[in-house]
There are 2 protein chains.
Amino acid sequence: MNTNVRVPQFAGKECDMSNWDAGNCPVRDVINQISGKWSTLLLQALAERPYRFGELRRLVPDISQRMLTQTLRELQRDGYIDREVFPTKPPSVEYRMTELGMSLFLPLSQVLDWANANHAAVKAARVRFDAEA
Amino acid sequence: MNTNVRVPQFAGKECDMSNWDAGNCPVRDVINQISGKWSTLLLQALAERPYRFGELRRLVPDISQRMLTQTLRELQRDGYIDREVFPTKPPSVEYRMTELGMSLFLPLSQVLDWANANHAAVKAARVRFDAEA
DNA sequence: TATCCCTAGTCTCTTTTTGAGAGCGACATA
DNA sequence: TATGTCGCTCTCAAAAAGAGACTAGGGATA
């Protein structure tokens, strides 16, 4: 076993590459949850204001109920959102972001901004790649 | 069709929620690619220095060759990394980050830093959630 | 009164994605 | 001769995701 593993720098901090296996790496443990297909989308919505289940479903038209429930539960489990049930006649459930979720969304929104700003460049790269292949 | 859709703010910019379906949303188009299980991990590695295929495989022990090849191709297609083949006797292939990739990694590394810093809080939230369930 | 719809899910079934592992071809080492 | 190295690709099994039916209890509609 190699103990002299390279230690890459990013943003001034170290990341121990000797434990990049799933179990030990904090980054992977956190990122794997929020890197799902729907997670960032829901975080983006809930960062703006609280939403109810059905509202989120209509907001993201191509998510299935199954994945919406599941993704919300995972985000709740990791402490990014809260789930509040109101015992109205058709029962209603509201999801809202926590402090932790907001603190995550701060850097995350920078990435979303980057995506907006550089979408054209990415699309151009795809065209180039597909042309020469 | 509802044209008066709420427009959430994040980081001072607008995101048109009326096209949150997969085809039209720039954010989803960009994010969906880099939100794979392995993408951020490989970007993180290649942000530090160029790596060869086998090096990456050893660095991320639990990735399959299939997913490593596939994820690298996708990152290459979107213009984040370059692939250079050296016709040595056992052929060697080097992957290195592009300018575009580096510009993405700038905000992305902020999220990775957040993950490092808040791993404990996330784990605590999980324990709390699992206890009351 | 019978029928429908609303809510926030769960359950089942099918399709897509991922993982585990073999094979490849040319050359180096033991 | 046998085995290992390189960067893949291929096949088959397992896991994850998507589509859609079903639930309960009350309110509105016909």
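Each chain gets a letter, A, B and so on, in the order its sequence line appears, and its residues count up from 1. In this text the structure is predicted, and so the values were computed from the model without any measurement. When reading the values below, keep in mind they use all heavy atoms of this one structure, side chains included, and skip hydrogens, waters and symmetry mates.
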Handout entry: Check ion pair A:Asp78-A:Arg73 (N to O, under 4.0 angstrom)
Key = no

Exercise for the section: Give one of base, sugar-phosphate or nothing for A:Arg52, where a contact means two heavy atoms less than 4.0 Å apart. Expected result: sugar-phosphate

Handout entry: Between C1' of C:dT7 and CZ of A:Arg83, the distance in whole Å
Key = 12 Å

Handout entry: Expected output: side-chain B:Trp114 to main-chain A:Ser103 donor-acceptor under 3.5 Å
Key = yes

Practice task
Compare the minimum distances between each of C:dT10, D:dG7, D:dG18 and the side chain of A:Gln65, then state the nucleotide with the smallest one.
Solution key: C:dT10

Practice task
Please determine, for the side chain of B:Val93, which listed nucleotide (C:dG19, C:dA8, D:dG7) has the closest atom?
Solution key: D:dG7

Practice task
Using whole Å, report how far CD of B:Glu55 lies from C1' of D:dG7.
Solution key: 13 Å

Handout entry: Whole-Å distance separating the CG atom of A:Asn32 from the P atom of C:dT18
Key = 12 Å

Handout entry: Spacing between A:Asp62 atom CG and D:dA19 atom C1', to the nearest angstrom
Key = 13 Å

Practice task
Measure from the side-chain heavy atoms of B:Arg66 and tell me the nearest of C:dT10, C:dA20, C:dC6.
Solution key: C:dA20

Handout entry: Atom CZ of A:Arg126: over 12 foreign heavy atoms under 6.0 Å
Key = yes

Completion exercise
Of A:Pro90 and B:Pro91, the one whose nearest nucleotide on DNA chain D sits closer to the 5' end is B:Pro91

Handout entry: Residue-phosphate contact under 4.0 Å: B:Lys37 side-chain N/O, C:dG19 OP1/OP2
Key = yes

Practice task
Determine the contact category for A:Tyr95: base if any of its heavy atoms lies under 4.0 Å from a base atom, sugar-phosphate if only primed atoms, P, OP1 or OP2 are that close, otherwise nothing.
Solution key: sugar-phosphate

Practice task
Please check if the side chain of B:Ser109 supplies one atom and the backbone of B:Leu106 the other of a donor-acceptor pair under 3.5 Å.
Solution key: yes

Problem - Nucleotide nearest A:Gln70 when distance is taken to its side chain, options D:dG27, C:dA20, D:dA17 - result: D:dA17

Practice task
Using whole Å, report how far CG of B:Leu68 lies from P of D:dT9.
Solution key: 11 Å

Exercise for the section: Using atom CZ of B:Phe86 as one end and atom C1' of C:dC27 as the other, report the distance to the nearest whole Å. Expected result: 19 Å

Handout entry: Pairing of B:Arg96 and B:Glu94 as salt bridge, 4.0 angstrom limit
Key = yes

Problem - A:Phe53 side-chain proximity, nearest of C:dA20, C:dG9, D:dT9 - result: C:dG9

Exercise for the section: Provide, to the nearest angstrom, the distance between the CG atom belonging to A:Leu59 and the P atom belonging to C:dA8. Expected result: 14 Å

Completion exercise
With the side chain defined as heavy atoms from C-beta on, A:Trp38 is closest, among C:dG19, D:dG18, C:dT7, to D:dG18

Problem - Spacing of A:Arg57 atom CZ relative to D:dA19 atom C1', expressed in whole Å - result: 12 Å

